[in-house]
Enquirer: 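Attaching a single structure in structure tokens format; questions to follow.
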Amino acid sequence: MNAQRGSTDEQPLADLARRLRAVDTGGWSPEGVQAMADGLGWARGGTAGHPVLVTGRSAGDARLRPVGRYEEPYVNGESYVELAVPVATAAPDAAAQAAAFRAVAEELTEVLGRPSLMGSHGEMGPFYDSGPLWGAPFLRWRGGTDTLELRAGKAGPELVLQPTGPAENWFWRQGHGEENAISGFFGSNRDPANAGLGFPGGWTARSWETVTRSLGDFLEALPAEAVALGVGFGMPFYGRARGSAPLLFDVTCRERLSIGCFAPDDVDAAALGWGTVAEHPRTASVWSVDDPVWRVDAGGPGEPEGRALAEMLVATARAAGVSEPTDLILGGEAGYVDGYHVTYYGLGLPTG
């Protein structure tokens, strides 16, 4: 397949988003996709295995994803499962990538309204794809036939047009309960567009090593993903021990990640790595000076050392008498994030 030049005039992002939402994808058949390309004014390019539409946009050409071995079980006649259009590029560091995503998200929200879905794909996106190391946030404007998603790409944010069915079918069928079956987190609001949306079952961590890995991955990306999505997180963790389940940790994050520790007095929090407000003065804007006494300021986008933080939390929980991973409980309050109901699939922890 020979590449041809698309239009060299950079189409404003708002116009591009409107056109993608309105385009007829023709059931994502080869003929339908060709008609879609013609309607968008984009020429075919690339190869049979890696087809593109030549957009002429400075961020790069649009990538078509043909149905292959990993997509086949989840489609219903479609020949393609997405068209990914790069819309911006940024420096590779987490702060720059998160800021670029946020800027695009704000512009799209002005044009399309508030997204009906938001979250993070975590380590594994649709059809077993891996995302960027800094984080994998997404926003979705769900439609009955096709859905438009803003996704973190390798070099910057991408607008992804996809048939609604295959991606949701893939997500639903990951709810088989095996460890690490679903990563990231998934939030929905009360938009009528979400009617009929299915939510898969989660999975449960069966070892402290699994908790350490999943919690570390989550905490490491959280500030960047919070900035990118423009939301804040407040996540209490409770520890079941000695006949009760008191508050152990308070994880709060918007532009920076702060973690408060409420371990019992017989736990040597300092020896486990916790500090006070004197050592973490930025936390004074999150909590009072002495409640909690023990806390840590883990930093902004790209700064948290996820594995080390998770090891500290797990060691503290176990020192407080939490004997099993299923006794470390994420408070139900964490599920309410700026008007979205969020499920933290990737943690593998019970919620209560």
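Positions are given from 1, in the same order as the sequence printed here. The structure displayed is predicted, hence computed values, not measured ones.
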Enquirer: Check side-chain hydrogen bond (donor to acceptor under 3.5 Å, both in side chains) between Arg295 and all other residues, then give those that pass, not counting sequence neighbours.
Expert: Thr283
Enquirer: Assess the side chains of Thr212 and Glu209: does a donor N or O sit below 3.5 Å from an acceptor N or O?
Expert: no
Enquirer: What pairs meet the ring pair (Phe, Tyr, Trp, His ring centres under 6.0 Å) rule with one or both residues in residues 299-335, with sequence neighbours excluded?
Expert: none
Enquirer: Do you know which of Glu82, His50, Glu158 makes side chain to side chain donor-acceptor pair (under 3.5 Å) with Arg63?
Expert: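 Filter result, single survivor: Glu158.
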Enquirer: On a heavy-atom basis, which atom in Arg19 and which in Gln11 lie closest, and how many Å separate them?
Expert: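 So the two residues come closest at CD-NE2, 2.8 Å.
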Enquirer: Could you tell me whether the side chain of Ile182 reaches within less than 4.5 Å of the side chain of Phe171, counting heavy atoms only?
Expert: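 They are in side-chain contact.
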Enquirer: Look at atom OH of Tyr70 and say whether more than 12 heavy atoms of other residues, nucleotides or ligands are closer to it than 6.0 Å.
Expert: no
Enquirer: Return yes when atom CD of Glu279 has more than 12 non-hydrogen atoms of other residues, nucleotides or ligands closer than 6.0 Å, and no otherwise.
Expert: yes
Enquirer: Which pairs, with at least one residue in residues 86-124 and sequence neighbours excluded, count as a ring pair (Phe, Tyr, Trp, His ring centres under 6.0 Å)?
Expert: His121-Phe138
Enquirer: Can you confirm whether more than 12 heavy atoms, excluding those of Arg282, are under 6.0 Å from its CZ atom?
Expert: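 Atom CZ in Arg282 is not packed in, count stays at 12 or less.
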Enquirer: List the atom of Arg57, the atom of Val87, and the distance in Å for their closest heavy-atom pair.
Expert: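 So the two residues come closest at NH2-O, 4.3 Å.
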Enquirer: Quick check: closest heavy atoms across Ala48 and Pro66, and the distance to 0.1 Å?
Expert: O-CG, 4.3 Å
Enquirer: Does anything in residues 333-352 pair up under side-chain hydrogen bond (donor to acceptor under 3.5 Å, both in side chains), and if so which pairs, sequence neighbours excluded?
Expert: Tyr238-Glu333
Enquirer: For the pair Arg151 and Asp129, find out whether any cationic side-chain nitrogen is under 4.0 Å from an anionic carboxylate oxygen.
Expert: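 Salt bridge: no.
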Enquirer: Any idea which heavy atoms bring Asp61 and Gly56 closest together, and the distance?
Expert: OD1-N, 3.8 Å
Enquirer: In terms of relative ring orientation, are Trp170 and Tyr74 parallel, tilted or perpendicular, with 30° and 60° separating the classes?
Expert: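 Answer is perpendicular, since the angle exceeds 60°.
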Enquirer: In terms of heavy-atom contacts, does CG of Leu197 have more than 12 from other residues, nucleotides or ligands at under 6.0 Å?
Expert: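 Yes - once you tally the heavy atoms of other residues, nucleotides and ligands closer than 6.0 Å, there are more than 12.
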Enquirer: Go through the structure and list residues passing salt bridge (Lys or Arg N to Asp or Glu O under 4.0 Å) with Arg242, not counting sequence neighbours.
Expert: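 Arg242 satisfies salt bridge (Lys or Arg N to Asp or Glu O under 4.0 Å) with Asp266 only.
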Enquirer: Are Trp28 and Asp146 linked by a side-chain donor-acceptor pair shorter than 3.5 Å?
Expert: yes
Enquirer: Check Val251, Leu313, Leu309 against Leu215 for a side chain to side chain contact (heavy atoms under 4.5 Å, CB included) and give me the one that passes.
Expert: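 Between Leu215 and the candidates, side chain to side chain contact (heavy atoms under 4.5 Å, CB included) is satisfied uniquely by Leu313.
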Enquirer: With no hydrogens and no angle check, just 3.5 Å: does a side-chain donor-acceptor pair link Thr252 and Ser258?
Expert: no
Enquirer: Decide if atom CG of Asp15 counts as having more than 12 heavy atoms of other residues, nucleotides or ligands within a radius under 6.0 Å.
Expert: yes
Enquirer: Transitively linked via ILVMFWY side-chain contacts under 4.5 Å: Phe186 with Met124?
Expert: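 As far as the 4.5 Å side-chain criterion goes, Met124 and Phe186 are connected within one cluster.
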Enquirer: Which heavy atom in Gly119 sits nearest to a heavy atom in Leu229, and how many Å separate them?
Expert: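 Closest heavy-atom pair between Gly119 and Leu229: O-CD1, 3.7 Å.
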Enquirer: Which atom names give the shortest non-hydrogen contact between Pro264 and Leu248, and what distance separates them?
Expert: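 Shortest heavy-atom contact: CD-CD2, 4.3 Å.
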Enquirer: Are Val277 and Phe249 linked, directly or through intermediate hydrophobic residues, by side-chain heavy-atom contacts shorter than 4.5 Å (ILVMFWY only)?
Expert: no
Enquirer: Flag the pair Arg256 and Asp297 as a salt bridge only when some basic side-chain nitrogen lies within less than 4.0 angstrom of an acidic carboxylate oxygen.
Expert: yes
Enquirer: Within a radius of less than 6.0 Å around CD of Glu255, do more than 12 heavy atoms belonging to other residues, nucleotides or ligands occur?
Expert: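 Counting other residues, nucleotides and ligands, CD of Glu255 stays at 12 neighbours or fewer.
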Enquirer: Please name all residues satisfying side-chain contact (heavy atoms from CB on, under 4.5 Å) with Asp250, sequence neighbours left out, ordered by chain then number.
Expert: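 Asp250: side-chain contact (heavy atoms from CB on, under 4.5 Å) contacts with Phe262, Trp287.
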Enquirer: For Ser188 and Asn194, which I'm curious about, is there any donor-acceptor pair between the side chains at under 3.5 Å?
Expert: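 Side-chain D/A pair, Ser188 to Asn194: absent.
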Enquirer: Nearest 0.5 Å please: distance from the CD atom of Glu149 over to the CE atom of Met118.
Expert: 13.0 Å
